[in-house]
Amino acid sequence: MTTIFRFPCLAFVLTCCFGSSVASPTSNEYAPCHKLAAYSLTACLEQNPGYVNDKCWKESKRQNDACYAGVRESHRPDKAKIAAMKKAEAAHMETQAKRAPQAAKSAACTGTASLMLWDRIQDVAPASQVQARVYRAHRPGYIEDVPQACVDAWEIDTTPHAAVDKNGLIKIQAGAPDGTLITVTAVVGDERVSGKVRAFDASRHPLRGSWKQVGEHPCDATVERIPYDPIMELVFDAGGRFSVTQRPFESYKDYWGEYSHDVASGAVTFSNTKGNKVPPDLQLQGSAKVAGNELVLNDVVLWPAPDGVKLCSLRFTR
C-alpha cells in the first residue's frame, strides 16, 4: 500500500486564512509550494521503493496545486494578516527542511521485513578480517542491503580474540583458538540484530569451502569421466556441517547434514542427512584427499549417476 504524506496544518493555513486576490502573486511567493511538493514526493518515494503506480506523483501535484490556490487567495486587502500567514508558512517550511534528512533516514531504515546479518556462522581465519553488513529479509532468497547510515552502533561480545569498528569491520586476532565463536551485534534504531563468527584453523579443516564437481570415476573403468549431472555446490563449514546442491538457486539446498574428517588418515563420514531432495543409494563413508584447489572423495557417492553406473570416486575443484 502506498503511503502518502499529508500536511493538514499548512493546507489549512493556505486555504482558510488567506483572502481573495488584489494583485498578481510574484514568483517567489510560489517557491514554498515547490518545496512542499518536492518534500511530499521525496518522502512518499522513500517509503515506497519500487512502487508500480503514480500515487506519489499525484499527491505531490495535489499539494502543489493546493498551495498555489492558497497563494492566489492570499492577495486580499488584509495585508497584515497576509504577512503574518506568510511568516508562519516560512517558519513551517524551514522546520520541515530541517527535519527532511532525518525523515529520509527513517524512511530508508524502517520496514516490516526482518533484519539479519547472515544466515549461518561465518568462518574467518585468525589474523584476517570480514566486513559485516545488515540486510532486510523480505522472504527466503530475497534480501536487500540496509544502508550503513542506518546502523547506529556495532558491538561485539567480550573477547580478547576479535574487535569490530564503527563501520562493522570485524578483525580476528592472530592466535585466536580454532572454533572460537564470536557474537557481533548491529544496533538499528530500536532493533538489535546479531550474527556469529567462528575463528578456524585452515590446517584442521581442509575441506572447508565451496566445491564444484568436475569428474567421476566409474568402478568398472580405468579412467574418470565427466559427470552427466554434476554436483554444482558441495559446501563444508569449519563446524562440521555440509550441504549438497545440484542446481544452486538463491538459498536453496538439496540436502545437508553433518560430517567428520580425520585429516591424518583422510577418513570422512557424512551423517544426519535431510533436506528438500535426498537421493537414494548414497554412500556416505570413504576418504577425502585435498591437493591445492582439488578434492577427491573415494568410495563416496553424494549423488548417484543417472545412468546407474556404480561410482568409486568423485573429483571437485574450488
Side-chain angles (χ1 to χ4, degrees), residues 113-114 116-125 130 132-133 135-145 195-198 200 202 204-219 224-261 263 266-318:
S114 300
M116 60 180 287
L117 293 188
W118 39 69
D119 59 356
R120 58 183 180 270
I121 296 174
Q122 298 294 296
D123 292 324
V124 184
V130 61
R133 292 199 61 85
Y135 299 94
R136 183 180 290 113
H138 295 271
R139 56 177 173 78
Y142 174 35
I143 63 174
E144 63 176 347
D145 286 354
K196 290 188 180 296
V197 172
R198 176 173 46 224
F200 80 101
R204 294 188 178 187
H205 308 280
L207 300 185
R208 182 204 163 271
S210 182
W211 304 85
K212 175 182 177 181
Q213 186 184 6
V214 293
E216 60 188 17
H217 198 152
C219 296
E224 74 169 20
R225 67 181 187 181
I226 297 174
Y228 289 105
D229 203 356
I231 296 169
M232 299 302 290
E233 189 177 79
L234 169 60
V235 179
F236 298 92
D237 70 14
R241 303 285 300 174
F242 81 95
S243 67
V244 173
T245 311
Q246 274 199 316
R247 299 177 182 84
F249 176 71
E250 295 181 344
S251 59
Y252 173 83
K253 307 292 182 186
D254 280 321
Y255 69 93
W256 53 86
E258 300 170 358
Y259 78 96
S260 62
H261 177 226
V263 178
V268 64
T269 300
F270 300 84
S271 61
N272 296 327
T273 55
K274 57 184 177 180
N276 298 298
K277 184 179 180 181
V278 183
D281 302 323
L282 299 179
Q283 294 177 214
L284 301 179
Q285 288 186 324
S287 64
K289 181 180 180 180
V290 177
N293 290 324
E294 186 172 277
L295 163 66
V296 175
L297 297 177
N298 292 308
D299 301 319
V300 171
V301 177
L302 298 178
W303 207 286
D307 59 359
V309 170
K310 184 179 180 181
L311 302 175
C312 280
S313 70
L314 311 173
R315 186 165 63 89
F316 299 81
T317 60
R318 289 189 193 274

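Just so it is clear, the values below take in all heavy atoms, side chains as well, and ignore hydrogens, waters and symmetry mates. Position 1 is the first residue of the sequence, and the numbers go up from there.
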In Å, rounded to the nearest 0.5 Å, how long is the span from CG of Leu314 to CD of Gln283? 9.0 Å
Step by step, would you call Asn276 with Trp256 a side chain to side chain contact (heavy atoms under 4.5 Å, CB included)? CA-CA 9 Å; Asn276 298 298; Trp256 53 86; 3.7 Å; yes
Say you draw a straight line from CG of Leu297 to CG of Leu284; how long is it, rounded to the nearest 0.5 Å? 11.0 Å
Answer yes when Asp237 and Arg120 have at least one side-chain N-carboxylate O distance shorter than 4.0 Å, and no when they do not. no
Do side-chain atoms of Gln213 reach the backbone of Ile231 as a donor and acceptor pair under 3.5 angstrom? yes
Single hit among Val296, Val300, Asn298 for side-chain contact (heavy atoms from CB on, under 4.5 Å) with Ser287: Asn298
Phe236 side chain near Leu295 side chain, heavy-atom distance below 4.5 Å: yes
Residues forming a side-chain hydrogen bond (donor to acceptor under 3.5 Å, both in side chains) with Asp281, sequence neighbours excluded: none
Is there a side-chain contact between Tyr228 and Val309, using heavy atoms and a 4.5 Å cut-off? no
What is the distance from atom NZ of Lys196 to atom CG of Leu117, rounded to the nearest 0.5 Å? 11.5 Å
Are Glu258 and Arg241 ion-paired here, with the side-chain N under 4.0 Å from a carboxylate O? yes
Taking all non-hydrogen atoms of both residues into account, name the closest pair between Pro304 and Pro279 and its distance. CD-CB, 3.9 Å
For residues Glu216 and Arg225, determine if any side-chain heavy atom of one lies less than 4.5 Å from a side-chain heavy atom of the other. yes
Going through the checks in order, is the side chain to side chain contact (heavy atoms under 4.5 Å, CB included) test met by Tyr259 and Thr269? CA-CA 5 Å; Tyr259 78 96; Thr269 300; over 6 Å; no
Is the shortest heavy-atom distance from the side chain of Val197 to the side chain of Trp118 under 4.5 Å? yes
Distance from Asp299 atom CG to Cys219 atom SG, nearest 0.5 Å? 7.5 Å
Intermediate values then yes/no, side chain to side chain contact (heavy atoms under 4.5 Å, CB included), Asp229 and Arg247: CA-CA 9 Å; Asp229 203 356; Arg247 299 177 182 84; 3.1 Å; yes
For the CZ atom of Arg136 and the CD1 atom of Ile143, what is their distance to the nearest 0.5 Å? 11.5 Å
So how far is it from Glu233 CD to Lys253 NZ, rounded to the nearest 0.5 Å? 3.5 Å
Does Phe242 have any ring pair (Phe, Tyr, Trp, His ring centres under 6.0 Å) partners at least two apart in sequence or in another chain, and if so, which? Phe270
